[in-house]
Amino acid sequence: MELIINMGLLSMLAMTAIAIVRIKDLFAVAMLAGIYGLISASFFVMMDAVDVAFTEASVGAGISTLLMLTTLAITGRFEKADKKSRTRFALPLVLLTGALLIYGTLDMPSFGAADSPVQEHVAPRYLNDSAQEIGIPNVVTSVLASYRAFDTFGEVIVIFTAGVGVLALLMRTDLPPISSVKNTASMEEHMVLRIVAKMLIPLILLFGLYVQFHGEYGPGGGFQAGVIFASAFFLYAMLYGMNAARKVIDSSLVQVLAALGVLIYGTTGVVAMLSGKNFLDYSVFSEDPVHAQHLGILFIELGVGLTVATVMIIIFFTFSGRSQVEGERD
Amino acid sequence: MNFVGLFNYWIVMVLMMIGFYIVIAQGNLVKKLVGLTLFQTSVFIMYITMGKIEGATAPILVEGEALYSNPLPHVLILTAIVVGIATTALGLALVVRIKESYDSIEEDEINRKDQEC
Amino acid sequence: MLAHLPVLHVIIPMMAAPACLILRRRDLVWFVALAATLMSFAVSIGLLLQVLESGPISYEFGGWEAPWGIEYRIDLLNAPLLLLVSGISAVALFAARKSIEAEIPKDRHALFYIAWLLCMAGLLGILATGDAFNVFVFLEISSLSAYTLIALGKNRKALWASYQYLIAGTIGATFILIGIGLMYMMTGTLNMADLSERLPEVSSSRTVFTAFAFFIVGVCLKLALFPLHVWLPNAYAYAPSVVTAFLAATATKVAVYILIRFKYGIFGFDFAFSSLPLQSIFLTLGLAGIFVASIAAIFQDNLKKLLAYSSVAQIGYLIVGLGLANETGLMATLLHMLNHGLMKGALFLALAAIVYRLGEAKLSEMHGLASRMPWTMAAFLIGGLSLIGVPLTVGFVSKWYLVTAALEHDWWPVAGLILLGSVVSVIYVWKVVEVVYFKAANERTAEVREAPLSILAPTWVLVAANLYFGINTELTVGITRMAAVSIFGGL
Amino acid sequence: MYTAAAFAVLVAMLLALFRAFAGPTLYDRILAVNVFGTKTVLLIAVVGFMMGRPDFLDIVMVYALMNFISVIGILRFFEYTAKNVEVREE
Amino acid sequence: MEGILNIVSWFLLVFGGFLCISGAVGLLRFPDFFTRMHAASVTDTLATAMILIGLFIQAESWLVQVKLVMVLLFVLLTSPTAGHALVMAALHAGLEPVLPKQKQASVEAGR
């Protein structure tokens with residue numbers, strides 16, 4: 001039965017991709033990209049990749065669709081027909097790369113084989129020893145936050161770089177001070193939505209915190225929690241207007257928090273260096289090694305969650321602030 | 001060369017090429033970024049199908065003996081997804097600035113405006 | 001503290017960047033950024049000395065040993081490059097304070113320095129890491145911050161150039177990701193040393209061949225090898241001039257380093273040249289790149305674009321050195337990476353001085369500038385001579401070893417073409433010299449004063465380095481020879 | 001039992017997808033996205049039970065949340081452009 | 001007791017599945033936006049409720065049951081709201097429902 005569902009999901013992915021190529025209405029393309037993210041997230045669930053499904057759903061289906069829609073609100077909806085000369089050049093190149101890729105798959109270990117090199121070399125140690133060495137059930141979080149913690153540090157820096165980049169490009173310092181702007185939200189007539197949102201937002205924030213601290217035992221962790229936390233603010237900003245949202249979250253505070261998250265992550269590592277161990281070695285935090293790993297992973301996930309949440313808020317507010325110039329509204 | 005074993009990878013390769021085609025062939029800047037997202041997401045799907053073992057469960061340890069899929073590709077893909085969204089966010093910020101200064105997000109119009117001034 | 005040197009040069013800028021976001025005030029952020037860069041430079045010097053006396057250093061993160069955790073590996077190949085990147089960054093950052101006042105609005109300066117620190121941290125991270133996937137993560141950090149830095153340029157074309165660089169760079173990075181994925185699929189490990197042990201036994205399979213092909217195409221897109229170089233001229237021409245000085249001297253060299261590390265370190269010498277006719281591909285593309293780019297450079301009016309095209313040509317020399325596939329060839333490439341970094345750094349910093357005074361670097365508006373800005377133009381002249389490869393300059397040293405490497409194979413035509421490439425570069429350097437020195441100063445350049453000392457001093461530091469390493473080649477040649485021997489010896 | 005429900009939901013998703021491709025007006029597409037989101041929620045819930053790991057229901061919660069937020073987002077930005085740009089139905 | 005619960009949950013799941021398909025077919029075949037809206041949203045909430053309750057019966061640990069109830073409440077709260085917002089936006093943008101022929105004529109006459 002799982003094979004049928006896999007094939008069904010993959011064929012839906014292919015159909016969505018082909019539809020995206022042909023549709024010229026960019027709003028529809030943004031929505032189909034959201035559907036593409038959703039299907040690939042469900043495919044990840046079928047492939048036992050629960051944490052990745054979590055992240056892909058919240059990032060692929062949620063954040064990237066919202067960002068694309070915010071951009072389309074500024075740049076306009078319809079796309080021009082693509083030029084024949086470009087497609088004639090692109091098709092052979094794409095077919096050539098595709099042929100090389102297919103050629104590459106001929107010697108691959110077959111799908112789901114338990115004896116392929118991937119399953120035998122590095123992975124068994126994580127699965128067998130992580131219970132004793134780190135003591136948390138979710139092996140993905142233990143690899144993410146302890147064995148390969150420096151990769152995750154690089155990742156937090158990538159998100160921080162994106163936040164700095166979007167700020168450097170779109171930051172507007174000429175926005176009127178918050179107090180003076182009357183709150184004229186565009187969604188006044190959607191009273192139903194505002195009531196429901198008012199009920200939902202605390203629940204979403206609570207769910208975000210649950211995901212943050214549940215990362216060791218089930219799917220979840222810093223990234224997913226950060227994105228969920230930020231999506232609560234997006235909902236508030238969309239329904240109550242940007243000025244109300246800017247009253248809630250002050251832009252300089254958000255930037256300081258984003259920097260703070262990265263610094264929390266960095267100091268967790270540097271503390272290990274100060275006492276002679278290597279960077280990001282958690283055995284410094286307490287004499288019992290397993291307990292030390294728990295503490296280390298907790299700090300790491302806190303730093304990651306804080307940075308991801310605040311950078312997502314920075315990116316969304318900077319984009320929406322930019323469209324305020326266009327519409328001069330809310 | 002078993003057909004079913006590699007079928008997953010072939011569909012993933014087709015998805016990659018569709019994404020790659022969009023990036024190269026379509027002129028609209030936002031559409032290129034969508035193509036880039038498709039291309040990267042299908043590379044992620046390739047990574048994840050690598051780690052799956054037939055009849056295994058997710059790498060979250062439960063009591064008693066159980067066969068788990070490989071957790072390492074999941075960690076790599078968590079990083080790659082975040083890299084993907086960071087690139088898309090920066091790309092969209094550039095598109096907004098380009099729209100404000102060129103008043104168009106079609107590649108050939110922008111090139112034409114570049115030649116003029 | 002000495003044990004932590006291999007990681008300090010990356011951690012310091014990575015911690016300084018968020019700290020700067022909290023500080024927010026312009027001059028304070030510049031000071032912290034400069035301090036962090038100088039500390040990284042000092043750490044790199046310490047690392048080089050440590051590697052010279054005690055051989056390659058390995059540093060495991062979190063205390064987990066190599067294939068399971070991530071490992072930093074510093075050896076003779078990347079130690080000198082660490083020095084180059086942090087050195088050029090320190091010098092360029094010193095000039096940045098004055099230079100960006102004319103090009104970037106005031107409220108963006110703090111964010112500019114933060115993006116600069118992140119770009120440097122990314123490049124240093126790529127050089128030092130011993131883990132294949134870590135290369136991809138730090139490649140993305142350096143690329144994302146490079147897109148931001150380029151997009152801060154004054155002209156609206158900077159935005160369009162940065163967008164094109166983003167698309168080309170992300171496609172390159174995704175190709176590298178596919179390459180790493182396929183390599184991981186066939187060997188099960190991500191650590192470079194572990195990969196080099198386990199790859200030979202599966203090297204006959206078609207998947208490893210595809211992995212190698214995708215990896216090479218991805219890296220060549222990143223280092224702007226001839227057919228894939230379309231994004232580079234615009235990106236370097238319209239970026240703020242200090243950013244071009246930093247990126248031109250370092251970013252492409254780091255990409256060549258990745259190529260060398262993976263081609264020789266992991267795939268091994270025989271695989272690299274037997275499966276794919278790489279030797280002939282590199283030679284043809286490199287030589288074609290030299291001539292096409294140099295000829296394109298001759299017709300450019302915008303001086304920055306002219307030097308950007310000459311950078312593409314110089315990258316052609318690097319790839320030709322690799323294409324020669326012998327020890328001296330590799331040594332010539334390593335040497336030219338260092339020398340080219342110094343040359344282009346000096347030239348673009350001189351350009352930053354010109355842009356600071358004139359607002360833009362159009363040749364048609366620089367008549368008789370030498371009489372007004374003698375020091376800047378003298379620096380530009382020496383940089384140009386070094387570009388051509390005149391004796392007593394750094395360029396001559398690397399051209400010399402490049403030609404000897406070609407002669408070892410006694411491929412006379414290749415050696416001839418290399419020298420012909422230098423002749424072509426004479427043309428476009430002379431074109432600039434002729435406009436600047438021998439034309440009378442018109443009203444446009446009449447009242448121009450000499451560039452401020454804070455831009456001139458760094459330029460002359462690099463020019464002095466150009467001359468010093470041109471004359472006393474014992475240090476650079478010695479290290480690169482040992483590095484080449486260690487790589488070739490190791491196979 | 002689970003297989004029947006999972007198969008039915010899969011078919012429903014397929015049909016909703018066709019509506020998303022064909023949908024003449026943009027509102028049909030938004031409706032299709034909404035239906036598709038709810039069906040994915042059901043599919044993952046049933047699959048979680050089918051694979052014997054029912055504790056994956058956090059993912060289902062996120063799906064529902066993201067589906068709601070993206071539908072609200074689409075409406076807000078579409079209505080926002082509808083005011084500036086006249087609405088051209090295909 | 002065990003058998004009855006199984007049968008009830010089996011019935012709920014299968015009927016929920018059938019409702020899903022009927023809603024989706026309705027989504028495809030109905031002439032205009034508002035009728036599709038009706039088909040989709042009605043079956044949506046009911047089918048989701050039935051399938052989730054079917055799973056609720058099957059769930060062993062109480063934690064899973066709590067999660068199922070949370071998801072059910074969330075979907076029951078948000079999906080009608082989204083439907084409402086969608087219809088409001090459609091009407092606001094001037095999308096006219098397709099009325100049957102003779103009523104269409106009388107409305108035209110009346111206007």
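Residue numbers begin at 1 in each chain, while the letters A, B, ... track the order of the sequences. Values in this document were obtained by computation on a predicted structure and should not be read as measured data.
Contact annotation for A:P219: both backbone and side-chain heavy atoms come within less than 4.5 Å of a heavy atom of chain B. Contacts of B:T57 with chain A are made by backbone atoms alone, with heavy-atom separations under 4.5 Å and no side-chain atom involved. Contacts of A:L26 with chain B are made by side-chain atoms alone, with heavy-atom separations under 4.5 Å and no backbone atom involved. The parts of B:K52 that come within reach of chain A are both its backbone and its side chain, each placing non-hydrogen atoms under 4.5 angstrom from that chain. With a 4.5 angstrom heavy-atom cutoff, B:V30 touches chain A only via side-chain atoms. Of the two parts of A:I20, the backbone and the side chain both hold a non-hydrogen atom closer than 4.5 Å to a non-hydrogen atom of chain B. Only the side chain of A:F89 comes within contact range of chain B, judged by heavy atoms closer than 4.5 Å. Contacts between B:I105 and chain A at a heavy-atom distance below 4.5 Å involve the side chain alone, from C-beta outward. Residue B:I22 touches chain A through its side chain alone, counting heavy-atom pairs closer than 4.5 Å. Proximity to chain B is limited to the side chain of A:A33, based on heavy atoms less than 4.5 angstrom apart. The part of A:I136 that comes within reach of chain B is its backbone (N, CA, C, O), which places non-hydrogen atoms under 4.5 angstrom from that chain. In this structure, chain B has no heavy atom under 4.5 Å from any part of A:L96. For a residue to count as touching a neighbouring chain, one of its non-hydrogen atoms must lie under 4.5 Å from one of that chain's; by this rule B:L67 does not touch chain A. Contact of A:T70 with chain B is not made at all, since no heavy-atom distance falls under 4.5 Å.
For the set B:M50, B:Q26, B:E109, the count of heavy-atom pairs under 4.5 angstrom toward chain A peaks at B:Q26. For chain B, the option among A:V50, A:L67, A:L10 with the highest count of heavy-atom pairs below 4.5 Å is A:L10. Of the residues considered (A:V143, A:N6, A:V156, A:N138), A:N138 shows the highest number of contacts with chain B, using heavy-atom pairs under 4.5 Å. Residue with the most contacts toward chain B among A:A123, A:A30, A:S11: A:A123 (heavy-atom pairs, distance under 4.5 Å). With respect to chain A, the highest number of heavy-atom pairs below 4.5 Å among B:I11, B:I77, B:T79 belongs to B:T79. Chain A forms the most heavy-atom pairs under 4.5 Å with one residue out of B:L90, B:L78, B:V96, and that residue is B:L78. In terms of non-hydrogen atom pairs under 4.5 Å with chain A, the most contact-rich of B:V14, B:L94, B:V95, B:I24 is B:I24. For chain B, the option among A:L101, A:L169, A:V158 with the highest count of heavy-atom pairs below 4.5 Å is A:L169. Interface remark: of the candidates B:V83, B:D103, B:T88, B:D108, B:D108 forms the most heavy-atom pairs closer than 4.5 Å to chain A. Per-residue heavy-atom pair counts under 4.5 Å with chain B were compared for A:L95, A:V166, A:V308, and the maximum is reached by A:V166.
Side-chain contact between B:I81 and A:F223 is absent, with no heavy-atom pair separated by less than 4.5 Å. Contact annotation: the side chain of B:T37 approaches that of B:T41 to within less than 4.5 Å [non-hydrogen atoms, C-beta and beyond]. Considering only heavy atoms from C-beta on, B:E107 comes within 4.5 Å of B:K32 through its side chain. Taking the side chain as every heavy atom from C-beta outward, A:Y36 and B:S42 approach each other to under 4.5 Å. Counting only heavy atoms from C-beta outward, the side chains of B:L38 and A:T16 never approach each other to under 4.5 Å. Between B:L72 and A:R148, some side-chain heavy-atom pair lies under the 4.5 Å cut-off. Residues A:T318 and A:I314 are in side-chain contact: their nearest non-hydrogen atoms beyond the backbone lie under 4.5 Å apart. In this structure the side chain of A:L91 reaches within 4.5 angstrom of the side chain of B:Y21, judged on heavy atoms.
Counting only N and O atoms by type, the side chains of B:E106 and B:N28 include a donor and acceptor under 3.5 Å apart. Between the side chains of A:T55 and A:Q224, at least one donor N or O lies within less than 3.5 Å of an accepting N or O. No side-chain donor from either of B:N70 and A:Y126 sits under 3.5 Å from a side-chain acceptor of the other.
Considering all non-hydrogen atoms of both residues, B:S104 and B:I110 come closest at O-CD1, 3.6 Å. Of all non-hydrogen atoms in A:T65 and A:G60, the two that sit nearest each other are OG1-O, 3.7 Å.
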A:I159 vs A:M312, side chain to side chain contact (heavy atoms under 4.5 Å, CB included): CA-CA, chis, key distance, verdict: CA-CA 9 Å; A:I159 268 286; A:M312 288 297 167; 4.1 Å; yes
